[in-house]
Structures are given as C-alpha cells and as structure tokens.
**Q** 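Okay, here's the structure, questions in a sec.
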Amino acid sequence: MNIQVLPDHKLSSVAPLKPCNVEKKEVELILVKDQNGVQYTSSTIMPTPSTHGTPCTAEEQAERETWGKKIDFLLSVIGFAVDLANVWRFPYLCYKNGGGAFLIPYILFLVIAGMPLFYMELALGQYNREGAATVWKICPVFKGVGYTVIIIALYVGFYYNVIIAWSLYYLFSSMTSELPWLHCGNAWNSPNCTDPKLLNGSFLGNGTSYAKYKMTPAAEFYERGVLHLHESRGIQDLGMPRWELVLCLVAVVFLLYFSLWKGVKSSGKVVYITATMPYVVLFVLLIRGITLPGAMDGIRAYLHIDFKQLNDPKVWIDAATQIFYSLGAGFGVLIAFASYNKFDNNCYRDAILTSTVNCVTSFFSGFAIFSVLGYMAYKHGVRIEDVATEGAGLVFIIYPEAISTLPGSTFWAIVFFIMLLTLGIDSSVSYWPSSGLNDCMLCIYVLTLLDNYAAGTSILFGVLIEAIGVSWFYGVDRFSEDIERMMGFKPGLYWRLCWKFVSPTFLLVVVIASIVTSTGLSYDDYVFPSWSNVIGWGVALSSMMFVPIYAIYKFLSMPGTFKQRIAYCITPEHEHHLVAEGATIRQFTLKHWLAI
C-alpha cells in the first residue's frame, strides 16, 4: 500500500487518552485529495491555551484523515482480502485435501489464529494510527517485523501485477467473434496441437491428466502465444520482454494509479466497483455453470469428504497458509487501513464481518469453479481429478477452454477476465508500487518461485513475531485496555488467550512444519534446478532477516548499561523517560509476563 502520512499529522503510538502535559492544539484541516475513499489532508497546527495534566479526549488530539464513509473501509478491506487466491487456490486446495474434511483445519485455524490476528491488526492500527513499521513505537525492538511485511508485500507486488497484466491481455484477446484459443492453426500453435473434441479418456490413456496435457489450443495459447515458454529452456533462460505484455503491464500501473489518484472526484467510488464486481460475476458464472451437463458431478467432487487426508501434515500447512494469505494478516495492509478509522470505530465487529465474508467467498467460489470442471470432465469423458488444477493453469487454460465451448463464449470470457481484473486490482493497490518491465518476462517459472517462497514461510514468521511483540512484550492486558479506550469494552478472555498462547503456538508449529516439509520446485514436468531453490530461500530470508538485524541495531544504538538498553528496546517510546530516570519498568516484573 502506498499511503503517505504527512509528518505533522502523526500521533503518538500510545493512547489518545494519556494525560496532557502539552499545549492543546487546534488543527486546521485542508482537503488535499481523496484516494480510494481515504481523505488526505494537510494541516496547520495552532497552539491554544489548555489545562495541564487533564486527560486528552480523542477530539483534542491532532486530527488525522479518516475514511469518507464506513462502507469505504469495509469494502477496501474485503477487496484487499478477497483476491485471486480465493478463486484459483482455495477451491483446488479444498478438493485435493479431502473436500469437506479440509474445512475442519481451515475453520479451526480461522477461529484460533486467522480471526484473532485479523482483529489484532485492525485494533493495533486503529488505536495507534500508524503504519506497519511506525506502529512499533509500542515496542521499538520489533520494528524490524514492520520492514519484513513491507518487503513481503513488495515481493508479492513484483508478480501480482504481472498476473493482472496477463488477465488484461486475455481480456483484449477475448474481444473477437471467435476466441483465439478455440482452435488450432494459429501462428503460435505447434504441429502437435490437438482439437479438444478428439480428446477423451481413451485417447489420453491411463495415467495422463487432461489438465497436464499441453497440446490443446487453450494450453498452447497460454504457454506459446502469451508466455512463449517454448522459446525458453527454463528459469535460467527468461528471454526478452514481449511488447504486448509490457503495454498491458503499463496499463495496469496506470489503472492502479488512477484508482487511487482520481478518488478526489469520484469520492472513493472505485472500491464500490472493484470490491462488488467479483461477487456479481461469480454469481452469474455459478448460475451458468450449474446448468451445464456434468456440473453436479463436479460439485459433488468438490464437497466429498475424506477424513484420511487429515493425517497428512501438508493438509494442515495448506489450510494455515491459505488462511493468512487470503485474509491478508501479516502484510501490514490491515494495520494501515485501520489507521484511517475513527478512534471509536467498532473494529471488533469489522474483523468478524470481513474475515467471515472472505472465507465464505472462498467456499462459494468453489461451486462456480467445480461446476465448470464437472462439465469439462463430462465433455471429455475423464474423471474430475483429471481436469482439476489450481493457479494459472485453472484461470488461464482450463476455465477459458470451458468458456470457449459455450454459446456466447465471447461474452462469458469478457465477464470472467473482468472478474480477475477486479479481484487483482483491489489487492494490488496494497502492493503498490509495482515491478519493472523485466517482470513481463517473469513467465511461469519465476512466478512459481515467488509464489512459493516470497510469502509462504516468511509471512507466517512475520505474523508470529508480530503476535509475540504485541501480546508478550507490549502486553495483552495493556493492548486490551487500548481496545477498551476505543470501544468501551475489553476483549473477552477467548481473544486474550488466543493472542497470548494459542495463536503464537500454532504459528510456531506451522512455521517449523513448513520448513521441514519443504520440497524442490516443479512446474508440470519441469523440475527447477537446485540453485533456484537456494534463491527462493534467499528471497524468503531477505525479508525475515530484518527482524534480528533491526533488533541488534536497536540494542547497539541505545545508550546506557546492558539492562537500560534492553529496557529502551522493549518499552514503548513514550515511557523511555522512565528508563532514563531509573524507574521500575513493567517488562522487568513477573506480573507483566503473567498478565492476561
């Protein structure tokens, strides 16, 4: 997210209700611009007489820009959280990991980790009114995790905008009377291109998956016509950028820029379109999908229950990673979004509502996806598992091929790729700025590498450190009091226990499991060279290393004795005067660590 906060707005990272020992200030606010529903202001601060030593109310604090309307915030959070992963990842993960049985670890992790941490980030941002890095004035030694999540978001942005550019290219390609991936005989097709009507179970033979068969017109359009993978020998041979994709990427960059900048005239109406359009399209696609022959077989396969899959730790890791990647906890975006809320906004209700909407959307999208996969299996006389896939193979090969066989295929293709664009744009705004022109040649190899390493273990690690910093070092009791100041009530015992014990323990186990179960990368039959896996872990470590490096830097830069340096590192900045005075620091007492 590229939200700039003017320095003269910045508030202390501590409670707006702390005693006032400074002059009361009036702030003259001048509207500068309104970006995606967020009002941006400049200010002139004018001192006026005040009563010293009395509590400051929220109104007495220097004003900060807030969302134009509450619905702007809700739609922006939903738009960020509901992204391509809801459509191209969750349905397949659910299917391959036991169908309905997968919902057990998924919902469990939502309740004990995803939702509590979602709530924590919203409350943290709303109370302190700071971004992902500057919010750590509450515990300076953890500021490195703020840089960690910023780097992770940057890496995701490197390839996320490229996926949107591919979607835009497909959208333009769909604006013809006959979709270009319907037949063979095009300039990009190979001599081995096979008409899909000739493909069936007997033609493919046993052990051959239709989803892995790369000689269909749809597969060749994607891999040869769009990406030119046939000209590459692997990840070590990316080639030159293609001008068509460069133009699409530039268009995406401008689209993202104007989605933010032009909000001054539209009053944040962009989010009303980009956040709601995917739901309209998903519903339309579902209605069309269930009318197709074989659709019910696909839906039954999606919902089948196989409890034996729960014995595989990879299923639990998939569920945990999907929760965090989908909800967006750990990217720092939720903290930034919430920092523009009104101080007394009920972020508890917002957390429950938006996280629930996100997960329901993931489950609902599976019906739209698997109804069409059931149709594909029926059409070619193969099993559902032969056509089921995830990621780019689903949205750029299998689904477009299915659409191309329907009456009015041009209309359905345009609708589908508009949905992908709106899903991507809402989330990509938070990963702004985007990548350079060389990302147009990311191709599927680099995308696969970044998708696995840039925000896998590292995002779980970031959330783990964040949870420890807030719940243990800052103090879950103090954090609960902050929430009470905002909303008038403390979080229940369940939330406090999750923040302090359940969520950090769960995250630690998942981080360790994700490292232990990590395997080499592959894309279809292509196995990545060992050095590419080393680079992948280098990418992951390049973001995680900010946590220890900044902690060491902070310790060494603090004055005083060893104990005083520790005290400066783990106490909120507004309490540093207590360290200098030699007063007792609460983090050095047993009561602090036992508090709930």
Side-chain angles (χ1 to χ4, degrees), residues 85-86 88-117 206-207 209 211-212 297-327 329-330 355 358-360 362-363 365-367 369-370 373-374 377 383-391 393-394 448 451-453 455-461 463-464 467 497-498 501-524 527 533 536-537 540:
N86 295 73
W88 83 0
R89 180 169 289 162
F90 175 84
Y92 180 74
L93 286 181
C94 184
Y95 167 74
K96 80 166 186 175
N97 290 323
F102 180 72
L103 296 178
I104 294 175
Y106 185 77
I107 294 175
L108 174 65
F109 293 156
L110 169 67
V111 172
I112 70 170
M115 199 173 284
L117 293 170
N206 295 330
S209 169
K212 302 296 183 183
D297 293 333
I299 292 175
R300 278 192 291 268
Y302 174 54
L303 297 177
H304 82 288
I305 298 177
D306 182 5
F307 289 109
K308 293 181 181 178
Q309 291 278 5
L310 299 182
N311 295 324
D312 184 357
K314 189 69 169 63
V315 173
W316 297 79
I317 294 172
D318 282 346
T321 305
Q322 177 63 18
I323 277 290
F324 288 105
Y325 199 90
S326 181
L327 287 180
S355 58
N358 175 270
C359 294
V360 170
S362 295
F363 184 66
S365 68
F367 291 90
I369 296 299
F370 271 84
L373 293 181
R383 299 168 298 177
I384 301 295
E385 63 191 74
D386 291 327
V387 296
T389 187
E390 65 175 327
L394 173 64
T448 301
D451 191 40
N452 277 270
Y453 288 108
T457 301
S458 56
I459 193 67
L460 295 170
F461 172 79
V463 181
L464 169 62
L497 288 174
C498 282
F501 299 109
V502 181
S503 297
T505 302
F506 152 78
L507 286 166
L508 178 61
V509 171
V510 174
V511 167
I512 294 173
S514 66
I515 295 173
V516 171
T517 60
S518 177
T519 58
L521 291 178
S522 64
Y523 173 72
D524 290 341
V527 178
N533 292 291
W537 278 111

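Just so you know, these numbers use all the heavy atoms, side chains as well, and skip hydrogens, waters and symmetry mates.
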**Q** Between the main-chain N or O of Val511 and the side-chain N or O of Ser514, is there a donor-acceptor pair closer than 3.5 Å?
**A**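 Looks like yes, one N/O pair under 3.5 Å.
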
**Q** Heavy atoms only: give me the nearest Ser518-Trp537 pair and the separation to one decimal.
**A**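 Closest approach of Ser518 to Trp537: OG-CZ2, 3.5 Å.
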
**Q** Check whether the side chains of Asn97 and Tyr106 place a donor and an acceptor atom closer than 3.5 Å, and report yes or no.
**A**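 Judged by distance alone, the side chains do not pair up.
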
**Q** Yes or no on side chain to side chain contact (heavy atoms under 4.5 Å, CB included) for Trp316 and Leu108, after CA distance, side-chain angles and deciding distance?
**A** CA-CA 10 Å; Trp316 297 79; Leu108 174 65; 3.9 Å; yes

**Q** Let me confirm one number: the CG-CG distance from Asp386 to Leu373, rounded to the nearest 0.5 Å.
**A** 11.5 Å

**Q** Donor-acceptor check, side chain of Ser503 to backbone of Cys498, threshold 3.5 angstrom: yes or no?
**A**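 Yes, Ser503 side chain to Cys498 backbone: donor-acceptor pair under 3.5 Å.
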
**Q** Assess whether side chain to side chain contact (heavy atoms under 4.5 Å, CB included) is satisfied between Leu110 and Leu327, documenting all intermediate values.
**A** CA-CA 9 Å; Leu110 169 67; Leu327 287 180; 4.0 Å; yes

**Q** Taking the side chain as every heavy atom from C-beta outward, state whether Leu93 and Val315 have any atom pair closer than 4.5 Å.
**A**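 No; the side chains remain at least 4.5 Å from each other.
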
**Q** Using every non-hydrogen atom in the two residues, find where Leu521 and Asn533 come nearest and quote the distance to one decimal.
**A**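 Looks like N-OD1, 3.2 Å.
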
**Q** Under the criterion side chain to side chain contact (heavy atoms under 4.5 Å, CB included), which of Thr505, Leu507, Val510, Leu117 is the partner of Leu464?
**A**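 So, applying the side chain to side chain contact (heavy atoms under 4.5 Å, CB included) to Leu464 and each of Thr505, Leu507, Val510, Leu117, only Leu507 qualifies.
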
**Q** Which atoms form the tightest heavy-atom contact between Val463 and Gly330, and what is the distance?
**A** CG2-CA, 3.4 Å

**Q** Apply side chain to side chain contact (heavy atoms under 4.5 Å, CB included) to Cys359 and Ile107, showing your working.
**A** CA-CA 9 Å; Cys359 294; Ile107 294 175; over 6 Å; no

**Q** Donor-acceptor pair, distance only, cut-off 3.5 Å: does the side chain of Ser365 make one with the backbone of Asn86?
**A** yes

**Q** Given the rule in the side chain to side chain contact (heavy atoms under 4.5 Å, CB included) test, do Phe307 and Ile104 qualify, once you have shown the distances and angles that lead to the verdict?
**A** CA-CA 10 Å; Phe307 289 109; Ile104 294 175; 3.6 Å; yes

**Q** So Ile384 and Phe370, do their side chains get closer than 4.5 Å, heavy atoms only?
**A**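 In short, these two side chains touch, coming nearer than 4.5 Å.
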
**Q** Strictly below 4.0 Å, N to O, side chains only: are Asp312 and Lys96 in salt-bridge contact?
**A** no

**Q** For Tyr95 and Glu385, indicate whether the former's side chain and the latter's backbone hold a donor-acceptor pair under 3.5 Å.
**A**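 Here the side-chain-to-backbone pair exists.
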
**Q** For the residue pair Ile459 and Ala329, what are the closest heavy atoms and their distance?
**A** CG1-O, 4.0 Å

**Q** Leu310 and Ala101: which non-hydrogen atoms are nearest, and at how many Å?
**A**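 For Leu310 versus Ala101, the nearest heavy atoms are CD2-O, 3.5 Å.
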
**Q** To the nearest 0.5 Å, tell me how far Asn358 CG sits from Phe90 CZ.
**A**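 That separation rounds to 10.0 Å.
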
**Q** Which residue, Asp318, Asp451, Leu394, forms the side chain to side chain contact (heavy atoms under 4.5 Å, CB included) with Arg89?
**A** Asp451

**Q** Indicate the atoms forming the closest heavy-atom contact of Phe102 with Cys94, along with that distance.
**A**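 Minimum heavy-atom contact is CD2-CA, 3.5 Å.
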
